[in-house]
Each structure stands twice: as structure tokens, then as C-alpha cells.
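See below for the structure under consideration.
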Amino acid sequence: MSLPGSGAHEAWMDVALAEAALAPTHGDVPVGAVVVRDGVELGRGRNRREIDGDPTAHAEVVAIRAAAAALGTWRLDGCTLVVTLEPCTMCAGALVQARIGTLVYGADDPKAGAVVSLFDAVRDPRLPHTAEVVRGVRAAESSALLRAFFGGRRA
């Protein structure tokens, strides 16, 4: 079940943005995610690649793992993944494999995005599952976090 109305998307994006804002405290790119179903948070995450030394510790994967643990199953049918940045190929594949019904994201990722920017890995009809996509929710705020992070590293 997808989240009803754009107000709910924006409210859950608040959670994802709060997670994203914490990632730079441990040297990670500010991306945050939350998995919800029927208005209930099941899992949240932020990028943890640097702190965990794990190349798969993207915000989406962390949130999906937490949601699966909360439900006791890998099948996240009826869930919505809300994330601040367009998922990469790995994360898009993970949400398809988890059977997540809806993806809500903030900023497009022209360098690595696998939903609209480079590929459409979540709505490809050749796959066994596809997801509804809502893009651009709080995109300016998501982009601002990324610009501040990378601007600080370049300075």
C-alpha cells in the first residue's frame, strides 16, 4: 500500500532527511531512508559505508534490512521506501527483490540513479516485480544536503 497523499510523502521525507543529516557525522554521504507500511515506520537508515566499511551499507539497504527484521520476512509487500536521493542500481535492485510497492525519493542522481537518470530498474516490465515511483519530494532540501557535504570536502 502506498502512502496516501503527498502530505504523507513529505512527512516521511522529514524522517529520511533527518537520517541523511546524521550521515556526515561519521564521514558518509548524506542520504537517508525510511520504510513504512500503513503509516507505521518499519525501518530507517542512513549511508554507513565509511563507518561500517561496507560497500553495501547504503541508506536504502540499511532501511530495508531493518524493515525485514521488524517484519520477520524479506517480503516487504505493501511497503513504501522513502529516500532522499534516487537509488543506485544496487538499491533499486534491492527494493525490487524485497517486493516494495512504492518508492518515494527526493533528488535525482544524474551520475548513478537507476530509476530515471541512467536506468529504470524499478519499473522494468521484464522483472518479476515493479514499484510505483514518486519523485522530487523535497528535492531541494535533499540536494542542499548533498551540495553542502561535497562543497565542504572540496574546500
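The model shown is predicted, which means the values in this text are computed figures rather than measured ones.
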[Y] and [X], any side-chain heavy atoms less than 4.5 Å apart:
X	Y	result
Leu81	Tyr105	no
Val62	Ile64	no
Arg138	Val104	no
Glu141	Met13	no
His58	Asn47	yes
Glu86	Val116	yes

Output the distance between atom [atom1] ([X]) and atom [atom2] ([Y]), rounded to the nearest 0.5 Å.
X	Y	atom1	atom2	answer
Leu17	Leu22	CG	CG	11.0 Å
Thr80	Leu95	OG1	CG	11.0 Å
Thr25	Ile51	OG1	CD1	7.0 Å
Arg48	Glu19	CZ	CD	9.5 Å
Leu76	Thr73	CG	OG1	7.5 Å
Ser142	Asp109	OG	CG	11.5 Å

What closest approach, in Å, do [X] and [Y] show between heavy atoms, and which atom pair accounts for it?
X	Y	value
Ser143	Ala107	OG-CB, 3.4 Å
Pro24	Ala21	CD-O, 3.4 Å
Ala66	Gly43	CB-CA, 3.7 Å
Gly106	Ala139	O-CB, 3.5 Å
Val82	Ala16	O-CB, 3.9 Å
Thr84	Pro30	OG1-O, 4.1 Å

Under a single-linkage definition using a 4.5 Å side-chain heavy-atom cutoff for Ile, Leu, Val, Met, Phe, Trp and Tyr, are [X] and [Y] assigned to the same hydrophobic cluster?
X	Y	result
Val96	Trp74	no
Leu42	Ile100	yes
Leu118	Leu146	no
Val134	Val34	yes
Val137	Val36	yes

note = side-chain contact (heavy atoms from CB on, under 4.5 Å) with Pro87: of Val31, Leu103, Val61, Val122, only one passes, and it is Leu103

ask   = Would Val29 and Phe150 satisfy side chain to side chain contact (heavy atoms under 4.5 Å, CB included), going step by step from the backbone distance to the final call?
value = CA-CA 8 Å; Val29 176; Phe150 287 112; 3.8 Å; yes

task = Dump the intermediate steps for side chain to side chain contact (heavy atoms under 4.5 Å, CB included) on Glu60 and Val35, then the final yes or no.
result = CA-CA 9 Å; Glu60 301 95 321; Val35 176; over 6 Å; no

query = Salt bridge check: are Arg135 and Asp108 linked by an N-O gap of less than 4.0 Å?
reply = yes

query = Going through the checks in order, is the side chain to side chain contact (heavy atoms under 4.5 Å, CB included) test met by Arg46 and Asp28?
reply = CA-CA 8 Å; Arg46 62 183 171 269; Asp28 279 290; over 6 Å; no

